[in-house]
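The next block holds one structure in the form of structure tokens; read it before the comments.
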Number of protein chains: 2
Amino acid sequence: MITKSLEDYLEAIYNSLKDRGHASTNEIASDLGVKPPSVTEMFHKLNKQGWVNYRKYEGVTLTREGEEIAKSVSDVHSKVRKFLELIHVSSEQADEDACKVEHHLSEESIGQLNMFIEFIENCPAEEVRWIEHFNYFNEHHELPLDCPGADKEKGCDD
Amino acid sequence: MITKSLEDYLEAIYNSLKDRGHASTNEIASDLGVKPPSVTEMFHKLNKQGWVNYRKYEGVTLTREGEEIAKSVSDVHSKVRKFLELIHVSSEQADEDACKVEHHLSEESIGQLNMFIEFIENCPAEEVRWIEHFNYFNEHHELPLDCPGADKEKGCDD
DNA sequence: GATTAGGTTTAGGTTAACCTAAATTTGTAA
DNA sequence: TTACAAATTTAGGTTAACCTAAACCTAATC
């Protein structure tokens, strides 16, 4: 079974591989603010689940399944962060909070949050009956005809 | 130190006292989906912290400090729920997610979320340059003059 | 007053996720 | 090649929050 903690490790590994090209015990430990032995232990668990390939003293890589999980967690993270930034939470705090919140949203909430963000980004800062428009967007998956963004180049459902 | 779990118990106790006038082991157990012995154990911890008055076989009441914590958790809960409902998450799911998210938001994010909700509720569904207006509201703590809600009876900063 | 049912607590155990200290491996430099 | 420093793992321990089973209270009924 996946836990919040295992998700955190997968995400950290994913980011480390992306940013540094590798994921070692010490790096992940310092990224997550834990001690190296904790990381080794978790590497074993992730390996047993088939989410990473672990080779002693060398570090880990993600399996396809592990990468899928990591990507989806990371995706939720950036959606939450984006929303928080939209309502003017500082980007450091938004990122920190996203880390914690990312494990606790249902599919439904994630979907709606995404819908909301997409709507705002595609129909911004204009004379807009925005909540009515959002309701329409929510139902039809495209901007209403009288929305200033609707006749522009970019649709809302990409 | 307070933990997510202790917060959950305080909130459940608070709601039980409000809804039923008392908070017994079995009730809290069933509210939180745990077994009675777990509740007894947590009652002891809460009692030791000075957040509840625990009397064996009788249940708990909240101390002033306990009630303060419970109220603030409960407050965050309803803000998160309200926001999720605003973006059309079903109310059951919104409530469920709020339960989990409520423990993980910083003061800053809570404040901004509140600001956002207040803004929306006071400046709704009109011809509104809503994100610009939100920016203004965020900065000045009142609706801009050209906001349809601004000349109505109710201000934005109550 | 004795019995009993239901609620509550105690006793003891499990698990996840951490930790420190000690051992081990690895790569590099003398 | 040997020796050492740094990284990693192993061994063993801690804590929070749960659990089951058994013991214990309490209030109602006979």
Side-chain angles (χ1 to χ4, degrees), chain A residues 1-14 16-17 19-62 66 69-70 73 99-104, chain B residues 1-13 16-17 19-62 66 69-70 73 96 99-104:
Chain A
M1 226 266 304
I2 189 84
T3 66
K4 166 200 168 322
S5 220
L6 291 173
E7 284 182 355
D8 276 332
Y9 279 86
L10 286 176
E11 192 185 11
I13 292 162
Y14 177 76
S16 185
L17 289 172
D19 299 346
R20 299 184 282 241
H22 49 91
S24 72
T25 303
N26 265 10
E27 286 166 345
I28 299 301
S30 103
D31 290 350
L32 291 178
V34 299
K35 302 291 176 183
S38 305
V39 176
T40 303
E41 185 182 342
M42 295 304 260
F43 279 1
H44 279 117
K45 288 188 188 177
L46 292 167
N47 189 66
K48 185 169 289 177
Q49 294 286 343
W51 294 327
V52 303
N53 305 113
Y54 171 54
R55 331 192 80 231
K56 268 191 185 183
Y57 299 101
E58 288 182 22
V60 290
T61 56
L62 290 167
I69 298 170
V73 173
C99 270
K100 294 179 291 176
V101 167
E102 68 193 5
H103 309 287
H104 300 286
Chain B
M1 228 267 304
I2 189 85
T3 66
K4 168 201 167 320
S5 220
L6 290 173
E7 284 182 355
D8 276 333
Y9 280 86
L10 285 175
E11 190 184 14
I13 291 163
S16 185
L17 289 172
D19 298 346
R20 298 183 283 240
H22 48 90
S24 73
T25 304
N26 264 11
E27 287 165 345
I28 300 301
S30 102
D31 290 350
L32 292 178
V34 299
K35 302 291 175 182
S38 305
V39 176
T40 303
E41 185 182 343
M42 294 304 261
F43 279 1
H44 278 118
K45 289 188 188 178
L46 292 168
N47 190 66
K48 185 169 290 177
Q49 294 286 344
W51 294 327
V52 303
N53 304 114
Y54 171 53
R55 328 191 82 230
K56 269 192 185 183
Y57 299 102
E58 288 182 22
V60 290
T61 56
L62 289 167
I69 298 171
V73 173
E96 196 180 315
C99 271
K100 293 178 293 176
V101 167
E102 69 193 3
H103 308 288
H104 301 286

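None of the values given here were measured: they were computed from a predicted structure. Proteins come first, then strands; the chains are lettered A, B, ... in the order of their sequence lines, and each starts at number 1. FYI, side chains are in, hydrogens and waters are out, and symmetry mates aren't considered; it's all heavy atoms of this structure.
- B:Ile13 places a side-chain heavy atom less than 4.5 Å from the side chain of B:Val52.
- A heavy-atom distance below 4.0 Å to DNA chain C is reached by these residues of residues 47-60 of chain B, ordered by number: B:Tyr54, B:Lys56, B:Tyr57.
- Counting only heavy atoms from C-beta outward, the side chains of A:Glu7 and A:Glu102 never approach each other to under 4.5 Å.
- Nucleotides of DNA chain C nearest to B:Glu27 and B:Glu41 differ in position, and the one nearer the 5' end is that of B:Glu27.
- Here the CE-CG distance, from B:Met42 to B:Asn47, works out to 13.0 Å after rounding to the nearest 0.5 Å.
- Looking at which nucleotide of DNA chain D each of B:Tyr9 and A:His44 is closest to, the 5′-most match is held by A:His44.
- Residue B:Ser5 is classed as a sugar-phosphate contact, given heavy-atom separations below 4.0 Å to backbone atoms only.
- Every residue meeting the ring pair (Phe, Tyr, Trp, His ring centres under 6.0 Å) condition with A:His104, not counting sequence neighbours, appears here in chain and number order: B:His104.
- Side-chain contact between B:Ile2 and B:Trp51 is present, with at least one heavy-atom pair separated by less than 4.5 Å.
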Considering only distance and modelled atom types, tabulate donor-acceptor pairs under 3.5 Å from the side chains of residues 22-33 of chain A, sequence neighbours left out.
from	atom 1	to	atom 2	distance (Å)
A:His22	ND1	A:Glu27	OE1	3.3
A:His22	ND1	A:Glu27	OE2	3.4
A:His22	NE2	A:Arg20	O	3.3
A:Ser24	OG	A:Glu27	N	3.4
A:Ser24	OG	A:Glu27	OE1	3.2
A:Glu27	OE1	A:Ser24	N	3.1
A:Asp31	OD2	A:Arg20	NH2	2.6

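- In this structure the side chain of B:Leu62 reaches within 4.5 angstrom of the side chain of B:Leu17, judged on heavy atoms.
- At a non-hydrogen distance threshold of 4.0 Å, A:Pro36, A:Pro37 from residues 30-38 of chain A come into contact with DNA chain D.
- Of all heavy-atom pairs between B:Lys45 and B:Leu6, the closest is CB-CD2, 4.2 Å.
- Legend: residues meeting ring pair (Phe, Tyr, Trp, His ring centres under 6.0 Å) with B:Phe43, ordered by chain and number and at least two apart, are B:Tyr54.
- The CE-C1' distance, from B:Met42 to C:dT9, rounds to 16 Å in whole Å.
- Here chain A contacts DNA chain D (any atom closer than 4.0 Å to a heavy atom, that is under 4.0 Å), and the contacts span D:dA7 to D:dT10 from 5' to 3'.
- How far NZ of A:Lys35 is from CD of A:Glu41: 15.5 Å, rounded to the nearest 0.5 Å.
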